[in-house]
Structures are given as structure tokens and as C-alpha cells.
Amino acid sequence: MIRITIDDIETQVEEGTTILNAARKIGGKIVPPALCYYSSLKGSGGKCRACLVKVEQASARDPRPMPKLVASCCTPAQDGMVVRNITSPEVLEARRGVVELLLINHPLDCPICDQAGECDLQNFAYEHGLEKTRYEFPRRTFDPIDIGPHIQLHMTRCILCYRCTLVADQLSNDRVHGILWRGEVSEISTYIQKAIDHEFSGNMIDVCPVGALTDKHFRFRNRVWFLIPMDAHRNCAKCCGKVVLWLRGKEIYRVTARKDEYGEVHEFICNECRWEHYNLNDWVVEGPRAFQPWSVINANKYHANTKELPHTLYSKLDNERWNEFEGVN
Amino acid sequence: MRRLLLLEKAHIEEIDRYDIYRREGGYTSVEKALKSMSPQEVVEEVKKSGLRGRGGAGFPTGLKWSFLDKKSGRPRYLVCNADESEPGTFKDRYLMEKLPHLLIEGLIVSSYALEANRAFIYVRGEFKWIIKILERAIEEARTAGWLGKNILGSGFDLDIVVHPGAGAYICGEETALLESLEGKRGLPRVKPPFPAVVGLYGMPTVVNNVETLAAVPWIVLNGGDAYASIGIGKSTGTKLISACGNIKKPGVYEVELGLSVEEFLYSDEWCGGMEGEYGLKAIVPGGSSVPILPAHLALKTASGQPRLLSYESMADGGFETGSMLGSGGFIVYDEAQCIVRNTYNFARFYHHESCGQCSPCREGTGWLERLLHKIEEGHGTLHDIDLLWDVQKKIEGNTICPLGDAAAWPVASALRHFRQEFEAHVHQPQQCLFRRRASFVFANASVEIA
């Protein structure tokens with residue numbers, strides 16, 4: 001075990017743990033945001049630069065500071081390391097820069113984007129971004145391509161986190177899509193417009209931090225904050241079968257894998273669970289799913305009379321309350 | 001006194017042929033190293049010599065070699081970075097064209113020191129004729145018994161593979177080079193781990209520049225101390241400087257580190273002074289990535305010392321008033337050159353060459369280019385100049401590899417030293433010096449035709 005101090009909070013972690021995961025162990029506000037790192041995908045991270053932190057002391061053995069800000073998602077913690085995240089103005093400034101640069105070519109079509117409300121970039125921009133853009137040149141656009149019956153690709157929204165290519169690489173045997181071209185014009189595309197079709201392809205939608213890959217079956221049907229997310233499971237031969245059902249009344253609007261508090265899926269689900277079971281009777285409903293207090297998904301989920309904060313209330317929701325919501329919706 | 005270590009034999013006719021090179025004393029360092037020295041002794045000599053990486057960063061080569069993981073018993077690789085594509089730098093091209101056997105000799109000795117049985121030369125794809133030269137030279141060396149199994153009966157095996165790149169500047173970054181060599185997209189890797197631990201195919205690897213490797217035979221033959229006695233301070237030995245721009249004699253020169261910029265620029269032995277009627281305006285001393293220096297800071301440091309061609313002297317004053325020796329791409333601008341146009345030209349290059357992996361560089365380099373284009377075309381505002389400063393600040397230091405820094409530094413230094421010129425472009429774009437001269441040349445040409 002090694003000791004690491006992040007924003008003056010000390011913790012002990014296993015050797016080889018990254019700074020980001022050490023911060024997640026502490027939890028709370030000092031956890032750096034991450035748009036490309038995904039703990040269950042090997043080789044992810046290092047690209048979006050949202051998780052930059054300042055290392056004031058590299059280790060107990062070598063107390064010098066690191067000369068540049070480092071990406072916390074891929075820098076291993078050292079014994080005696082001292083890291084500054086939200087207590088360093090330099091880090092916050094760099095993060096503001098990353099938001100601004102990510103947004104200059106992002107379409108900002110949140111009002112019609114299905115990802116709105118559960119978009120990592122949206123959350124990141126609310127937290128760190130400027131209100132106005134200083135970019136006055138035409139934004140980058142791409143020719144639309146069809147990548148199959150289930151997944152909608154909006155390349156203009158993509159921030160090139162490479163997560164979806166890692167899903168295809170690590171969950172299936174035949175990756176047919178990847179990054180084409182170089183630099184600013186790089187794009188996610190399939191090999192000569194081939195349709196993406198393998199049993200776990202739907203997970204690309206879940207790992208996408210923005211609205212570049214969205215669910216064609218759910219597209220334009222509802223907003224996530226109008227839906228009630230419920231944990232549910234079924235016996236599935238292909239995957240764990242543990243999902244979140246997004247309901248309005250008794251109708252299932254979409255099925256997704258379960259994301260943790262950092263928006264990461266640890267148990268991926270198959271396409272059958274995702275798209276072929278829209279009947280509530282197919283599922284064993286476990287109960288409502290809790291979200292981070294600031295998440296817009298909590299909106300409209302509690303009575304106006306209740307003085308309690310949405311998240312405390314939300315985690316306390318029992319089936320009785322759930323029935324009330326059923327009435328509301 | 002001009003002293004040549006690398007280019008000593010470059011003037012000899014057909015020195016790229018094995019017979020001639022051998023007749024002139026080539027490959028003796030291999031004989032010496034393999035017959036009378038242990039690998040560790042070679043590493044020690046290189047450490048003593050104080051040789052520093054000639055690719056740009058100036059990291060001590062001996063130290064880099066000593067980081068190589070030899071204990072685990074995994075195969076080790078030596079990779080020669082010949083992907084020279086920095087604007088303003090053309091020293092490796094000259095070296096490989098004239099003295100391919102010197103590079104091969106350096107590779108054999110260095111591989112022996114690192115106990116690597118396979119070496120790669122990653123050549124820039126545009127150097128088609130050089131690939132041919134290298135391949136022929138390797139074939140000659142193999143026939144003569146300098147490559148292959150059990151070289152000189154020492155039990156040391158080595159083979160060299162020449163691998164052409166496909167035209168990406170980013171593949172000159174060492175980890176992107178390794179990715180490209182493995183047949184993947186040339187994207188820089190996230191460090192750590194460093195190549196000395198996890199490099200080519202996951203094995204311990206050393207990546208060295210052509211010029212660095214070419215300096216090793218001399219060090220082995222004459223000893224590390226002799227090499228360390230040349231040069232100044234921690235900048236030991238000689239360096240190839242590729243001089244270009246508005247000078248009388250552009251070309252590749254080998255200089256002893258510590259030569260003053262003034263002498264290098266104005267002496268007839270080297271650049272021969274400014275070409276044409278205009279005086280010196282600015283110098284980019286180490287390839288397009290390094291900060292530009294205005295005339296008064298190019299010849300003298302801020303503290304009044306003469307500016308020397310050495311790693312320390314060039315960096316004297318930090319980025320405020322200094323620059324870097326970099327790869328030795330010495331670009332000279334006379335007073336008729338437009339700094340805004342030049343900065344735009346560099347920004348366009350970095351925008352085009354950004355790999356697109358990490359967000360600040362991917363998005364920021366394009367923004368820099370567009371802003372500079374706007375100012376250069378005369379549509380800029382004073383606000384754009386401040387914005388330019390802000391944008392470069394957001395790229396610098398926040399990227400995976402140094403390409404982001406390389407894109408930001410020229411912009412930052414141009415704004416720092418030539419802000420008035422940017423402002424002039426805003427207020428009176430038609431007065432741009434470059435256009436004035438272009439129209440002048442055009443007018444004169446038409447007179448001649450008439």
C-alpha cells in the first residue's frame with residue numbers, strides 16, 4: 001500500500017493505482033472529471049486532458065514537483081505523492097481551456113440531442129466552461145454515414161475519446177469501425193460504410209461521453225429527465241442481464257447498462273437485452289436507481305412538498321413511492 | 001579552428017560506397033568495441049563523453065542508455081529516428097546521403113553497447129533515394145561481415161531493418177514512431193511507461209537520432225574524455241547545424257558547440273552573412289518548434305553575454321528572452337520578412353500534422369491557424385491577438401506529446417517579441433512588409449522583361 005495526498009486529503013491505495021482512481025477512492029468534489037478514461041476498457045485514457053492535475057511532489061523519494069500538469073487517469077500514484085486538483089488555480093485554468101477547446105467544434109445542439117441530461121461533456125462544461133464561445137470560424141462538420149439499424153452516429157458531436165473503438169476491440173472479435181484520417185478532421189467511421197453488427201455493439205452508446213452515438217430506437221422519443229430509471233434484471237445467456245429500464249408509466253422507453261457514479265459501465269449488456277425486451281413482464285424490477293445529486297435525471301422525481309434533497313430522497317425511494325410516480329406520469 | 005568529427009570524410013568522392021569508406025578507416029570503431037571492450041564499457045565511454053541527444057530535446061545519451069532494462073532478459077531493440085521532418089532541419093538527410101556507413105557503424109557499436117540484436121532505421125517516407133542508399137549500404141556491410149550472425153567472431157549478432165514512414169511529422173515523436181513501426185496508427189503513447197521499459201513490441205527500446213548514433217564511433221575510437229573536451233560546458237562535441245533563410249551560404253555545417261551565433265552567421269567560413277540589402281531581423285535557432293529570437297536577442301543574451309550555439313546559451317533567459325538549440329534547424333530572417341506570415345506558415349504546418357489524439361492540440365492548432373490567417377489577411381482585430389495568446393496558452397503543456405508545445409511556442413514567442421507587427425497587421429494590413437517586397441520584386445521583374 002502507498003500513501004497519496006490529493007487536495008490535502010490523504011489516502012492509501014494499492015501500488016500501481018492511478019491518481020484518478022486514488023481520488024475516486026476518496027470521492028467527492030476532488031475527483032477529476034474524465035471524458036475518455038473508462039475503467040473497464042483497457043488502454044483508455046490520456047486523450048481528453050480533462051483530468052489534468054498538478055503533482056506538487058512526485059514521491060517521498062523524489063520530492064520534486066512534476067514540470068507539467070499530468071493526466072491523472074494514466075499517471076500511477078507514487079508513495080508520498082502530493083497532488084492538487086481543485087485547490088490549484090493552474091489546474092482549473094487548464095480545465096477551462098480543455099472545455100473551451102472541446103466545445104469550439106461541438107455543435108451545442110443539446111436541445112435536440114438525446115444525450116442531454118446524461119452527457120459528460122455537458123456536465124463538464126457546466127462545471128468549468130465559459131458562458132460564451134470565442135470561436136468565430138465555421139464549425140467542423142461531417143457527411144452523415146449510416147452505421148446500421150441500431151446505432152445513430154453524429155460525428156459532429158464526437159470528441160474522439162476512442163472509447164467506442166475499444167468496446168468493439170475488447171467485447172467483440174470483429175471491429176469494423178475505427179478512426180479515419182488525422183488531426184482535426186479525424187472521424188469515427190466504419191470500414192467502407194459497413195454496418196456495425198455484433199452482439200455487444202450497443203455498449204458503444206453507453207460508453208460514448210457525448211451524443212455522437214445514440215440509440216436509434218430511443219431517438220427523439222423522450223428526454224431522459226422525464227423517465228424513471230429502474231434497476232432490473234433478467235436471466236440472459238449472453239450477458240449479466242443487469243440493466244436499467246427507463247420507464248414512463250409501464251412503458252419501457254429504453255434499456256441501458258448500469259452506470260456508476262462516474263458514468264462508467266462495469267457489466268456490459270448484450271444487444272438482445274437492450275433492444276428485444278421492451279415488455280416490463282420480461283424483467284424483474286429491483287427498484288429505482290440512484291443518481292448523483294446534481295444530475296438532471298433527478299428532476300421531476302419528487303413531490304413539491306418534500307423538503308428533502310433529491311438524492312437523499314431518491315435513494316430512499318421504495319416501491320410505495322414508485323407507485324406514486326406511476327400516478328404522476 | 002574548424003574541427004570535424006562527423007563530416008570529416010564527407011568530401012571524399014563516393015564515400016557512400018563501402019570500399020572507399022573502409023579504406024578511409026571506417027568500421028574501426030566496431031573492431032575496437034567488439035574485440036576489446038565490453039558493452040558496459042562502451043556505455044561508460046558514451047556517458048563520459050557527455051553526448052546529448054541531437055534530435056531536439058538534448059537528453060544525455062549515456063543516461064538514456066543506462067535506463068534500458070537489461071535485467072529482465074527480454075529482447076532489446078535500438079531504433080534510429082531518421083524521420084526528420086521539422087521545417088528548417090535537414091542535417092540527418094545530408095548525413096545519411098553522404099555517410100550511410102557512418103550511421104551503420106554507429107548502429108552496430110550502439111547495439112553492441114545495448115546488447116540489442118535488432119536495430120531499426122525509421123526513415124521519413126519522402127526520403128526515397130535515401131532509403132535506397134541505406135539499403136545498399138546495409139547490404140554491403142552484411143556482405144563484408146559487419147552484420148549478421150557472430151560479427152567478427154565476437155558472438156554478437158545484429159541485423160538492421162530499414163522502415164520507411166508514410167509521411168507523418170508526428171511519427172518523429174519517439175512513441176508514435178514505435179507505434180508506426182509496429183504497423184499501427186502513428187499516435188504518441190501516454191508516458192510512463194517510457195520506451196526504455198516498454199518500447200517496440202512491448203520490449204525495452206532505445207530511440208536515438210541519426211546524428212547521435214553517428215557520433216558514437218568517434219567516441220569509441222577516441223574515448224569519451226576526448227569528446228567531452230570539445231565543446232563548452234555540458235554541451236560537448238560537435239553539432240550539425242542546417243542553416244537556411246536569407247543568408248549567403250545556406251547548408252549543413254558541423255560546428256563545435258560553443259561557437260557564437262554572430263560568428264556563425266557572419267563569418268565567411270559558415271553562413272557568410274545576410275543575403276541582399278536587408279539586415280537581420282530574427283532567427284529561429286533550432287527548427288520551427290523553438291521560440292523565435294529577434295535580432296538583438298539572437299546575437300546577445302538578455303544579460304549581455306554573446307549568444308553561443310550550445311544547449312545552455314540558447315536556453316539562457318528561458319522562454320522570455322531565450323530559445324532552444326533543438327534539432328539545429330537554423331532559420332534566418334531578414335528585415336523584409338513578415339513575422340505574422342511566418343507564424344501563420346508554422347501554425348498551418350502544426351495544424352496539418354496534429355495527430356488528433358488529444359483534444360487541446362487537435363482543436364487548438366486549427367484555431368491558431370485560423371486566427372493567424374485572419375490577421376495575416378488583414379481582417380484581424382486587437383482582440384484576436386489577445387485571443388491568440390490565450391489559445392496557445394491552453395495548448396502548451398497540456399498535451400500528450402510535445403507537438404502541442406511545438407505548435408504553441410512559435411506563436412507565443414512571435415507575440416512576445418513582435419507584437420507591434422501583429423498590431424500593424426490589424427491597423428494597416430496593406431503595409432505588410434512581405435507584400436511590399438513581393439510587389440517590389442514583381443515590379444523589377446517586369447522592368448527586366450520590358
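Residue numbering restarts at 1 for every chain, and letters A, B, ... go by the order of the sequence lines. Not measured: the values here are computed from a predicted model.
Ionic pairing of A:K259 and A:E264 is not present here: no N-O contact between side-chain nitrogen and carboxylate oxygen is shorter than 4.0 angstrom. Here B:E182 pairs with B:R189 in a salt bridge; the nearest charged N to carboxylate O distance falls below 4.0 Å. A salt bridge is absent between B:R348 and B:E369: the closest approach of a Lys/Arg side-chain nitrogen to an acidic carboxylate oxygen does not fall below 4.0 angstrom.
Crowding of A:H266 atom NE2: a count of heavy atoms from other residues, nucleotides or ligands under 6.0 Å exceeding 12.
Highest contact tally toward chain B, considering only A:A71, A:A50, A:G46, is held by A:G46 [criterion: heavy-atom pairs under 4.5 Å]. The greatest number of non-hydrogen atom pairs below 4.5 Å with chain A, out of B:I400, B:V391, B:V190, is found for B:I400.
Using a 4.5 Å cut-off between heavy atoms, A:L160 touches chain B through backbone and side chain atoms alike. Within the 4.5 angstrom heavy-atom criterion, atoms from both the backbone and the side chain of A:A94 approach chain B. Heavy atoms closer than 4.5 Å to chain A are found nowhere in B:K393, neither backbone nor side chain. In this structure, the portions of A:L69 lying under 4.5 Å from any heavy atom of chain B include both its backbone and its side chain. Neither the backbone nor the side chain of A:P67 comes within contact range of chain B, judged by heavy atoms closer than 4.5 Å. Heavy atoms closer than 4.5 Å to chain B are found in the side chain of A:F137, but not in its backbone.
Residues B:P188 and B:E173 share a closest heavy-atom pair of CB-OE1, 3.6 Å. A:I179 and A:S186 get closest at one heavy-atom pair: CG2-CB, 3.7 Å.
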